[in-house]
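To keep things clear, I will list the structure first and then write my remarks on it.
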Amino acid sequence: MIYLELFLEFLRIGAVSFGGGYGMISMLSEMTASHGWLTESEFLNLVAVAESTPGPIVINMATFIGSAQGGIIGSLVATLGAVTPSFILILLIAAVVNSFLEYKGVKAFLGGVRPCVIGLILGTATTMLLSVLLGIGKSGDVPAPDVFGILIFALICVFSATWKKLRGRSVSPILLILISGALGIFFGYISQEII
Amino acid sequence: MKKNRLLHSLFLTMLKIGLFTFGGGYAMIALLENELVNKRGWLTKDEFLNTVAIISSAPGSIAVNISVYIGYKLAGIMGSVCATLGVCLPSFVILYAISLFFDAFLSFTAVQYAFNGIRACVVYLILTAGIRMLKKMDKTVFSVVILGITVACMISFSLLAFKFSTVFYIIASGLLGLVAYAFSILKKRGEQGRQ
């Protein structure tokens, strides 16, 4: 039953993912891979779409994945799943125990969770870096570096560092996505010419 | 009557925020402050900052959490429902529409090339999101150890194709946070006992 599965999976993500949109990425990537809902490149495409469209990232992801797996009803149940835990927990906090997140035990628990979430994001980014740019998905894989991908990654690093230095603030992710898309098209046609 | 008007404007305000913020929860905070504090006067600046501080340590989407909380504070449970519906609706409509055409869109060669570049950029965005959070983290021995272990386990498990759910990382590190807290209490008691 795909609807129930979508609802429960997004319910779980809504309930145990800390650190907002990016904190959810490691969990979302694991979930979509284990169900065979998206390949890694499809997942990264979707993150780009979710980043460059307005609204909360997880709602964007839930709507898209839900729709791909189960049409409009799939979208609805996935989104509902992602929102439900927030609804229950935050209403409880707002209505009953205003100081719930201030309790020492809860604070201590969250104090352990916070560095873990940062570790999860960095770990996910590193494994993606290895597999997308170097072609290393698991140990024993022969490295198959994506030369243009690495070049684009390097150009994006240089561009955003320069932007930050000159303008004093971070460049918007949407601009970076547009630039890397243009570079992708440029290098794509170049490599087609070479071959 | 007055309440209906309030629900109506809550819904519209959050709809506007859902429609005009890109990049998820943290990007939303500045816009929310402008709408809720400066324009509407629904909250004072202090109340707003307090709410954000409380809510961003809870699990789930930050944007949804803030909507539920503020909706409840202003107009009870119906307020929560209207605010959440408002913040999610634009995402839902836009991503559902995109999901219908995305495969057709991806069948163009130029688009495929563009996404080859964009994937490198998305990895960069995830990595820098992690680094940004790392810079803000309180660097105690405890948090650095948790972070180090998480990153090391994630990368090596992924290379060895060993499945270990991210939920367990979160629960385990939260429990370690509690254990560390218990130890700090015992230590304090011991010192007081000696004096």
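We name chains A, B, ... by the order of the sequence lines, and we start the count at 1 in each one. Values below: every heavy atom of this structure, side chains too, minus hydrogens, waters and symmetry copies.
In the hydrophobic clustering of this structure, A:Leu155 groups with A:Val171; members are Ile, Leu, Val, Met, Phe, Trp, Tyr whose side-chain heavy atoms approach within less than 4.5 Å, directly or through other members. In the hydrophobic cluster analysis, where Ile, Leu, Val, Met, Phe, Trp and Tyr join through side-chain heavy atoms closer than 4.5 angstrom, A:Leu11 is grouped together with A:Ile13. Taking hydrophobic clusters as Ile, Leu, Val, Met, Phe, Trp and Tyr residues chained together by side-chain heavy-atom distances below 4.5 Å, B:Leu31 shares a cluster with B:Tyr69. There is no path of hydrophobic side-chain contacts, each under 4.5 Å, that joins B:Leu12 to B:Val87. Cluster membership check: A:Leu38 shares its hydrophobic cluster with B:Phe101, using side-chain heavy-atom separations under 4.5 Å among Ile, Leu, Val, Met, Phe, Trp and Tyr.
In this structure, no portion of B:Phe108 lies under 4.5 Å from any heavy atom of chain A. With a 4.5 angstrom heavy-atom cutoff, A:Leu110 touches chain B only via side-chain atoms. Both the backbone and the side chain of A:Ile72 come within contact range of chain B, with heavy atoms under 4.5 Å apart. When heavy atoms are compared at a cutoff of 4.5 Å, B:Asn65 approaches chain A by way of both its backbone and its side chain. The parts of A:Leu91 that come within reach of chain B are both its backbone and its side chain, each placing non-hydrogen atoms under 4.5 angstrom from that chain. With a threshold of 4.5 angstrom between heavy atoms, A:Leu129 approaches chain B through its backbone and through its side chain. A:Thr124 touches chain B through backbone and side chain together, each having a heavy atom under 4.5 Å away. Both the backbone and the side chain of B:Ser143 come within contact range of chain A, judged by heavy atoms closer than 4.5 Å. Contact annotation for B:Leu106: only side-chain heavy atoms (C-beta onward) come within less than 4.5 Å of a heavy atom of chain A. Both the backbone and the side chain of A:Val16 have a heavy atom closer than 4.5 Å to some heavy atom of chain B. With a 4.5 angstrom heavy-atom cutoff, A:Ala15 touches chain B only via backbone atoms. Heavy atoms closer than 4.5 Å to chain B are found in the side chain of A:Val49, but not in its backbone. A:Leu183 does not touch chain B: none of its heavy atoms, backbone or side chain, sits under 4.5 Å away. Both the backbone and the side chain of A:Leu120 come within less than 4.5 Å of a heavy atom in chain B. Contacts between B:Thr51 and chain A at a heavy-atom distance below 4.5 Å are absent for every atom of the residue. Residue contact with chain A, scored on non-hydrogen atoms closer than 4.5 Å, involves the backbone and the side chain of B:Ile170 alike. Only the side chain of A:Thr79 has a heavy atom closer than 4.5 Å to any heavy atom of chain B. Heavy atoms of B:Val179 lying under 4.5 Å from chain A are absent altogether. For chain B, the nearby parts of A:Met27 are the backbone and the side chain; heavy atoms of each come within less than 4.5 Å. Neither the backbone nor the side chain of A:Ile65 comes within contact range of chain B, judged by heavy atoms closer than 4.5 Å.
Distance check, rounded to the nearest 0.5 Å: CG of B:Leu95 to CD1 of A:Ile59 gives 10.0 Å. Atom CD1 of A:Ile185 sits about 10.5 Å away from atom OG1 of B:Thr109, to the nearest 0.5 Å.
Atom CZ of B:Phe157 is surrounded by more than 12 heavy atoms from other residues, nucleotides or ligands within 6.0 Å. Summarising the local packing, NE2 of B:His8 is surrounded by 12 or fewer heavy atoms from other residues, nucleotides or ligands at distances under 6.0 Å. Within a 6.0 Å radius of CD in A:Gln192, other residues, nucleotides and ligands contribute more than 12 heavy atoms. No more than 12 heavy atoms of other residues, nucleotides or ligands lie within 6.0 Å of NZ in A:Lys164, so this atom counts as exposed by the packing criterion. The local environment of CG in B:Asn38 is crowded, with over 12 non-hydrogen atoms from other residues, nucleotides or ligands closer than 6.0 Å. The environment of B:Phe164 atom CZ is dense: over 12 non-hydrogen atoms of other residues, nucleotides or ligands sit within 6.0 angstrom.
Annotation: maximal heavy-atom pairing with chain A below 4.5 Å, among B:Ser165, B:Pro90, B:Gly76, occurs at B:Ser165. Contact tally against chain A (heavy-atom pairs below 4.5 Å) for B:Gly71, B:Ala161, B:Ala110: the top residue is B:Ala110. Listed options B:Leu125, B:Val145, B:Thr128 were ranked by heavy-atom pairs under 4.5 angstrom with chain A; first place goes to B:Leu125. Between chain B and the residues A:Leu76, A:Leu46, A:Val106, the largest count of heavy-atom pairs under 4.5 Å involves A:Leu76. Of the listed residues (B:Ser61, B:Ser80, B:Cys88, B:Ser91), the one with the most heavy-atom contacts under 4.5 Å to chain A is B:Ser91. Of the listed residues (B:Thr140, B:Thr84, B:Val144), the one with the most heavy-atom contacts under 4.5 Å to chain A is B:Thr84. Taking A:Gly181, A:Gly123, A:Gly23 one by one and counting their heavy-atom pairs under 4.5 Å with chain B, the maximum is reached by A:Gly181. Heavy-atom pairs under 4.5 Å with chain B peak, among A:Ser191, A:Ala68, A:Ser180, A:Ala125, at A:Ser180. Comparing B:Phe20, B:Phe115, B:Phe142, B:Tyr96 by heavy-atom pairs within less than 4.5 Å of chain A, the highest count is held by B:Tyr96. Highest contact tally toward chain B, considering only A:Ser131, A:Ser75, A:Gly149, A:Ala62, is held by A:Ser75 [criterion: heavy-atom pairs under 4.5 Å]. Between chain B and the residues A:Phe148, A:Phe187, A:Tyr189, the largest count of heavy-atom pairs under 4.5 Å involves A:Tyr189. Chain B forms more heavy-atom pairs under 4.5 Å with one residue of A:Ser170, A:Ser41, A:Gly105 than with any other, namely A:Ser41.
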side-chain contact (heavy atoms from CB on, under 4.5 Å) between B:Thr150 and A:Ile118, worked out: CA-CA 9 Å; B:Thr150 309; A:Ile118 302 173; over 6 Å; no
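Using modelled atom types, one finds no donor on one side chain facing an acceptor on the other under 3.5 Å when comparing A:Thr127 with B:Ser158. Side-chain contact annotation: B:Tyr169 with A:Ser26, donor-acceptor N/O pair under 3.5 Å absent.
The minimum heavy-atom distance linking A:Ile121 with B:Ile126 is given by the pair CG2-O, 3.5 Å. Taking both residues in full, the closest heavy atoms of B:Tyr124 and A:Ser160 are given as OH-OG, 2.5 Å, listed atom of the first, atom of the second, then distance. Here the closest non-hydrogen pair linking A:Val113 and B:Ser173 is CA-OG, 3.9 Å. In terms of heavy-atom proximity, A:Ala94 sits nearest to B:Tyr72 at CB-CD2, 3.6 Å. Residues B:Met154 and A:Gly119 share a closest heavy-atom pair of SD-O, 4.4 Å. Between A:Pro54 and B:Leu19, the closest heavy-atom pair is CB-O, 3.1 Å.
Contact of the B:Val64 side chain with the A:Phe87 side chain is not registered, since no non-hydrogen atoms from C-beta on lie closer than 4.5 Å.
Taking the side-chain hydrogen bond (donor to acceptor under 3.5 Å, both in side chains) definition, one finds that B:Lys187 meets it with nothing, sequence neighbours left out.
The residue from A:Asp146, A:Leu44, A:Leu133, A:Val47 that alone fulfils the side-chain contact (heavy atoms from CB on, under 4.5 Å) condition with B:Arg119 is A:Leu44.
Sorted by first and then second residue, the pairs that involve residues 59-83 of chain A and meet ring-ring contact (aromatic ring centres under 6.0 Å, His included), not counting sequence neighbours, are A:Phe64-B:Phe102.
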